[in-house]
Amino acid sequence: MTAARHRRRPLVSGNWKMHHDHLQSIRTIQDLGLRLTAADVGPLDVSVHPPFTDLRSVQTVLEDRAIPVALGAQHCYSEDEGPFTGEVAPPMLARLGVSYVIVGHSERRQFFAMTDEQVAATLRAVLRHGMTPIVCVGETEEEREMGETEARLTAQATAALKGLPEEQTAALVLAYEPIWAIGTGATATGEDAESACAHIRGVVAELAGADAAQAVRIQYGGSVRPENTAELMGQRDVDGLLVGGASLDAAVLAAIIREAGPAGR
Ligand code: PGA
């Protein structure tokens with residue numbers, strides 16, 4: 001563990017995807033608030049990313065109970081307003097107190113044809129409105145088998161970040177999410193997660209310089225559970241976790257947060 005690692009504060013994010021209506025989300029966040037102590041969240045940042053329809057409710061609970069968890073969104077559009085039926089604009093999220101927005105999750109890329117260009121435009125829109133994008137990259141199983149993991153990560157990270165000023169690059173979050181590990185129960189080994197995250201950090205160094213690369217936080221995502229949290233968080237270049245299924249249950253998410261803090265030091 002290098003000294004540089006200590007400067008990066010880990011971020012554990014719960015992505016609830018299309019689960020939990022606003023009543024279920026209220027219950028879940030209240031439950032999480034009761035379980036988390038100041039000591040649990042002392043060493044790291046935590047965010048939850050409920051569906052759009054729940055954001056206002058969850059924000060109210062977080063504020064009323066002073067729960068030390070940041071509000072996150074799962075997606076947004078790249079324009080500030082306009083005739084884009086069904087989309088949600090970044091300033092609307094900023095107004096709701098959203099701090100983090102997931103951009104380019106593989107499910108958006110795969111099921112909703114989100115392109116690299118849209119990912120690049122959206123992350124810039126999120127930054128413009130003072131929020132932090134969590135930009136997702138990751139290879140498919142076929143790409144991994146063909147030995148194309150690093151080329152894929154380089155291509156996605158470059159398309160997203162090319163031309164972004166150093167300070168903006170340093171302040172954002174990247175998430176390495178191997179597609180074969182998402183929702184499958186198959187987690188990357190600590191070694192695989194480390195090698196991919198270190199590679200992504202190298203790409204950031206090429207694009208924005210060594211300082212930005214040292215500062216940028218890189219999460220791992222894909223079948224994270226309490227049992228594999230310590231191994232993943234023990235890796236030098238893994239600065240946090242993007243948790244899907246396991247984050248739906250407050251007790252399980254709290255267990256992950258408690259494991260992640262000490263392991264990530
Ligand atoms: P999972 O999802 O934890 O359910 O595998 C991870 C993600 O898609 O962020």
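Every number for a ligand or one of its atoms is a count from 1 in the order of the listing.
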Any protein N or O within less than 3.5 Å of an N or O in ligand 1? List each pair with its distance, or say none.
unit_1	atom_1	unit_2	atom_2	d
ligand 1	2 (O)	K17	NZ	3.2
ligand 1	3 (O)	S223	N	3.4
ligand 1	3 (O)	G244	N	2.9
ligand 1	4 (O)	G245	N	2.8
ligand 1	5 (O)	G183	N	2.6
ligand 1	5 (O)	S223	N	2.7
ligand 1	8 (O)	K17	NZ	2.7
ligand 1	8 (O)	H105	NE2	2.6
ligand 1	9 (O)	H105	NE2	3.4
ligand 1	9 (O)	E177	OE1	3.4
ligand 1	9 (O)	E177	OE2	2.8

dist Q30:CD -> R65:CZ (nearest 0.5 Å) comes out at 4.0 Å
From T158 atom OG1 to Q156 atom CD, the distance as rounded to the nearest 0.5 Å: 10.0 Å
Test: D31 and R27 ion pair at under 4.0 Å: no
CG of L11 to OH of Y100: how many Å apart, nearest 0.5 Å? 4.5 Å
Any carboxylate oxygen within less than 4.0 angstrom of a Lys/Arg side-chain nitrogen, looking at R201 and D239? yes
Quick check on R128: does its CZ atom have over 12 non-hydrogen neighbours (other residues, nucleotides or ligands) under 6.0 Å away? yes
